[in-house]
Amino acid sequence: MTVRVRVAPSPTGDPHVGTAYMSLFNLAFARQQGGSFVLRVEDTDRARFRADSEQQVYDTLRWLGLDWDEGPDRGGPYAPYRQSERLDTYRPHVERLLADGHAYHCWCSPERLQQMREDQQRRKVPTGYDRLCHGKSRDERAALPGFAETPVVRLLVPEDPPLTFTDLVRGEVSAPRPDDQVLLKTDGFPTYHLAVVVDDHLMGITHVVRGEEWISSTPKHLLLYDFLGWERPQFAHMPLLRNPDKSKISKRKNPAARLTWFLEEGYLPEALLNFLGLLGYSLPDAEQEVFTFDEMSASFDWGRVNTVGPVFDLDKLGWLNGHYLRELPEDELLARLLPFLQRDGLVADPPTADQRALLAAAVPLVQTRIALLRDAGPLLRFALVDEAEFAVDPAAAEKVLVAGTDDVLAAAADALEPVAQWDTEHVQAALDGALIDGLGLKRGKAYAPVRVAVCGATVAPPLPESMALLGKERTLARLRAAVALVAG
RNA sequence: GUCCCCAUCGUCCAGCGGCCUAGGACUCCACCCUUUCAAGGUGGCUACGCGGGUUCGAAUCCCGUUGGGGGCACCA
């Protein structure tokens with residue numbers, strides 16, 4: 001038997017981080033088993049449907065390297081892979097359930113159902129459909145209140161439905177007894193419960209990997225498999241990613257719930273992927289926390305998946321991201337940084353030759369100083385900005401460029417003026433000669449005002465390197481300007 | 001309310017009856033390095049929710065309790 005797994009996002013907005021989480025585990029398992037990873041779009045909710053969402057799912061998943069073998073965009077033996085295009089596929093199965101007496105029509109209006117539910121809550125009894133329509137013809141039902149012309153199809157749950165199943169991560173699990181679920185909506189679309197079972201079966205899905213939130217719905221699906229005479233797949237219910245307050249991760253409470261957020265912030269896909277693999281999971285050698293997808297996949301084991309929902313902790317992801325950032329070759333880091341610098345308006349698209357040269361020298365300076373790709377802009381702004389737009393940060397100026405520092409700045413400028421070979425070593429030699437040997441200052445004290453004058457901030461890449469980056473002319477101009485500022 | 005799932009440092013993870021006076025990582029703190037900031041190095045703080053069992057022995061098994069989470073839609 002060939003393993004086939006699937007991820008099934010619903011195109012209802014920004015792709016959710018949970019989709020990437022499920023995809024990672026699905027794919028790790030599929031690759032290990034030499035099986036297939038199927039992407040199916042579950043767009044049966046036309047009310048919440050958003051046209052641009054599907055493409056975003058593709059983009060973010062591909063960005064992470066979680067590529068699928070079959071899907072709406074690339075086809076496959078079980079096309080179409082979009083549920084909205086499979087309406088005809090579901091119909092005969094509904095007819096069969098109806099014919100076998102495992103399903104029935106229901107004409108209850110939304111208002112009646114709402115009222116029924118409220119009433120049940122008030123009486124503190126379990127909520128669920130009361131089967132008013134069961135066994136009635138259209139005309140019999142029409143005589144009763146709360147009637148709607150277009151019926152839905154409901155599953156007739158028997159007295160003793162199957163409630164337990166074996167889960168790959170949890171072992172034996174028992175779930176709640178379902179009420180009579182709607183299978184086919186008035187708009188002719190199937191509900192998730194019907195569509196997922198029909199599609200998983202027809203598409204040969206062998207392992208259903210989904211979030212823990214689906215455990216309580218699983219009996220509905222088991223029932224459908226049984227009624228339709230189909231073999232059940234294996235289930236693996238993954239723990240739910242959590243907000244810091246332990247609730248299920250949500251876009252409302254957590255920006256990280258949106259997959260596109262990680263791109264915007266400048267996280268590396270390899271870091272995010274590694275991090276997701278660390279949530280609710282560990283390699284057989286748990287001490288190894290930095291690992292590739294291939295390493296995870298090779299040793300993958302459902303038994304090592306946790307049952308506890310992990311809090312999505314940005315601190316650790318930030319550290320991992322920095323780690324991967326530091327391992328990148330310089331030219332690769334530059335390539336990844338470029339879009340962010342362009343977004344900040346610091347570099348032209350495409351970059352000029354001057355900018356290219358400057359960036360090549362600047363990248364090693366920021367590599368150990370950034371945690372996110374977007375952090376490079378602020379650090380390099382002093383060198384990339386148009387000279388006319390350069391300004392010393394007022395707070396830094398007030399704190400560091402105090403009375404008396406004009407002598408230090410002037411001495412630095414004078415010493416740098418004759419430097420012919422403008423590179424880090426010669427700049428530092430001139431600087432140290434004038435300030436440490438000449439003025440008798442400690443390096444830390446001496447560099448502080450110079451740094452603010454040249455870089456415009458108290459925090460910047462190392463000073464001689466920054467000056468080398470900036471060039472002699474601009475460095476001297478900034479020093480002279482600062483002298484005037486302090487003196488005046 | 002009801003049903004279900006879960007329970008080790010602040011967070012992520014190790015531990016699947018004795019190797020645990022509980023290990024690693026992140027965060028935090030201190031120190032070292034140091035021209036700022038980082039990075040790097042060294043060290044440190046902090047956890048088996050509680051109560052009963054079972055056992056020679058329990059973080060590990062069982063029960064209860066407490067706490068957290070999820071489901072209970074013509075949403076997925």
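Here is how names work: the chains are called A, B, and so on, in the same order as the sequence lines, proteins then strands, and each is numbered from 1.
A:Pro239 comes within 4.0 angstrom of no nucleic acid atom, judged by non-hydrogen atoms across all strands. Counting any heavy atom pair closer than 4.0 Å across all strands shown, A:Gln83 reaches no nucleic acid atom. Within 4.0 Å of A:Val152, counting heavy atoms only, lies at least one base atom of the nucleic acid. Here A:Thr458 lies in heavy-atom contact (under 4.0 Å) with a base. At a threshold of 4.0 angstrom between heavy atoms, the contacts of A:Pro178 with the nucleic acid are absent. Among the protein residues, A:Pro310 comes within range of the sugar-phosphate backbone only, with heavy atoms under 4.0 Å from sugar or phosphate atoms but none that close to a base. Across all strands, A:Arg242 comes closer than 4.0 Å only to sugar-phosphate atoms, never to a base (heavy-atom distances). As judged by a 4.0 angstrom heavy-atom cut-off over every strand, A:Leu463 is placed among the base-contacting residues. Within the 4.0 angstrom heavy-atom criterion, no nucleotide atom of any strand lies near A:Ala448. Among the protein residues, A:Thr127 comes within range of the nucleic acid bases, having at least one heavy atom under 4.0 Å from a base atom. At the heavy-atom level, A:Asn306 lies under 4.0 Å from the strands shown only through sugar-phosphate atoms. As judged by a 4.0 angstrom heavy-atom cut-off over every strand, A:Gly318 is placed among residues making no nucleic acid contact.
A:Ser174 has a side-chain polar atom (N or O) that falls below the 4.0 Å cut-off from OP1 or OP2 of B:rC5. OP1 or OP2 of B:rA38 has not a single side-chain nitrogen or oxygen of A:Arg369 nearer than 4.0 Å. One finds a side-chain N or O of A:Arg326 lying less than 4.0 angstrom from the OP1 or OP2 phosphate oxygen of B:rG40. Put simply, A:Asn243 has no side-chain N or O that comes within less than 4.0 Å of OP1 or OP2 on B:rG69. A:Thr307 has no side-chain polar atom (N or O) that falls below the 4.0 Å cut-off from OP1 or OP2 of B:rC6. Taking side-chain N and O atoms only, A:Arg304 has a distance below 4.0 Å to OP1 or OP2 of B:rG15. Distances shorter than 4.0 Å separate none of the side-chain N or O atoms of A:Lys220 from OP1 or OP2 on B:rC72. The phosphate of B:rA7 has neither OP1 nor OP2 within less than 4.0 Å of any side-chain N or O from A:Lys246. At least one side-chain nitrogen or oxygen of A:Arg154 sits closer than 4.0 Å to the OP1 or OP2 atom of B:rC74. Side-chain nitrogen and oxygen atoms of A:Lys185 include at least one within less than 4.0 Å of the OP1 or OP2 phosphate oxygen of B:rC75. At the phosphate of B:rG70, neither OP1 nor OP2 sits under 4.0 Å from any side-chain N or O atom of A:Ser247. Within the structure, a side-chain polar atom (N or O) of A:Arg117 is placed less than 4.0 Å from OP1 or OP2 of B:rC74. Contact annotation: A:Thr44 side-chain N/O to B:rA76 OP1/OP2 distance is under 4.0 Å.
Closest to the side chain of A:Ser216, out of B:rU27, B:rG71, B:rU35, is B:rG71. Listed nucleotides B:rA7, B:rC13, B:rU27 differ in distance to A:Trp319; the shortest reach to its side chain belongs to B:rU27. When the nucleotides B:rC12, B:rU35, B:rA39 are ranked by their closest atom to the side chain of A:Arg443, B:rU35 comes out on top. Nearest nucleotide to the A:Glu289 side chain, out of B:rC26, B:rC12, B:rA76: B:rC12. The nucleotide whose nearest atom lies closest to any side-chain atom of A:Lys316 is, among B:rU36, B:rG24, B:rA76, B:rG24. Closest to the side chain of A:Leu278, out of B:rC75, B:rU35, B:rC12, is B:rC12.
In this pair, A:Trp261 and A:Tyr267 present their aromatic rings tilted. The plane angle is within the 30 to 60° band. Between A:Phe300 and A:Phe25, the two ring planes are perpendicular [angle over 60°; tilted spans 30° to 60°]. A:His193 and A:His221 have tilted rings, their planes meeting at an angle from 30° to 60° on a 0 to 90° scale.
Looking only at distances, a side-chain donor or acceptor of A:Ser297 sits under 3.5 Å from a matching main-chain atom of A:Ala28.
Within the cation-pi definition used here (under 6.0 Å to the ring centroid, within 45° of the axis), A:Arg242 does not qualify as a partner of A:Phe312. A:Phe189 does not carry A:Arg46 over the face of its six-membered ring by the limits of under 6.0 Å from the centre and within 45° of the normal.
To the nearest angstrom, P of B:rA25 lies 8 Å from CD of A:Glu287. In this structure, the CG atom of A:Asp200 is 14 Å from the C1' atom of B:rA76, given to the nearest Å. Atom C1' of nucleotide B:rC13 and atom CG of A:Leu241 are separated by 14 Å, given to the nearest angstrom. When the C1' atom of B:rA73 is taken as reference, atom OH of A:Tyr192 falls 15 Å away, rounded to whole Å. As rounded to whole Å, 15 Å separates atom C1' of B:rC5 from atom CE of A:Met238. B:rA76 atom C1' lies 17 Å from atom CD1 of A:Ile249, rounded to whole Å. A:Arg451 places its CZ atom 15 Å from the P atom of B:rU34, with the value rounded to the nearest Å. Atom CD in A:Gln428 sits about 13 Å away from atom P in B:rU34, given to the nearest Å.
Going from the C1' atom of B:rC74 to that of B:rC62 covers 44 Å, rounded to whole Å. When the C1' atom is used for both B:rA14 and B:rG23, the distance is 7 Å, rounded to whole Å. For the P atoms, the distance from B:rU36 to B:rC31 is 15 Å, rounded to whole Å. When the P atom is compared between B:rU21 and B:rC5, the two are found 33 Å apart, to the nearest whole Å. Comparing the P positions of B:rA39 and B:rA30 gives an interatomic distance of 15 Å, to the nearest angstrom. Between B:rC26 and B:rC48, the two P atoms lie 23 Å apart (nearest whole Å).
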Start with the C-alpha gap between A:Lys185 and A:Thr191, add the side-chain angles, then the distance that decides, and say whether side-chain contact (heavy atoms from CB on, under 4.5 Å) holds. CA-CA 7 Å; A:Lys185 305 187 259 187; A:Thr191 57; 3.8 Å; yes
Check the pair A:Gln115, A:Glu111 against side chain to side chain donor-acceptor pair (under 3.5 Å), reporting the backbone distance first and the verdict last. CA-CA 6 Å; A:Gln115 245 175 37; A:Glu111 294 73 31; over 6 Å; no
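When Watson-Crick and G-U wobble pairs are counted only if both distances are under 3.5 Å, B:rU36 pairs with no nucleotide at all. For B:rA22, there is no paired nucleotide, since no Watson-Crick or G-U wobble pair has both relevant distances below 3.5 Å. Look at B:rU42: its Watson-Crick or wobble partner, with both distances under 3.5 angstrom, is B:rA30. With a 3.5 Å ceiling on both atom-pair distances, B:rU55 lacks any Watson-Crick or G-U wobble partner.
Contacts of A:Leu98 classified as side chain to side chain contact (heavy atoms under 4.5 Å, CB included), with partners at least two apart in sequence or in another chain: A:Val94, A:Glu95, A:Ala103, A:His105, A:Val153. A:Gln121 is linked by a side chain to side chain contact (heavy atoms under 4.5 Å, CB included) to A:Thr127, counting only residues two or more places apart in sequence or in another chain.
Taking for each of A:Ser282 and A:Thr368 the nucleotide of RNA chain B with the nearest heavy atom, the 5'-most of the two is the partner of A:Ser282.
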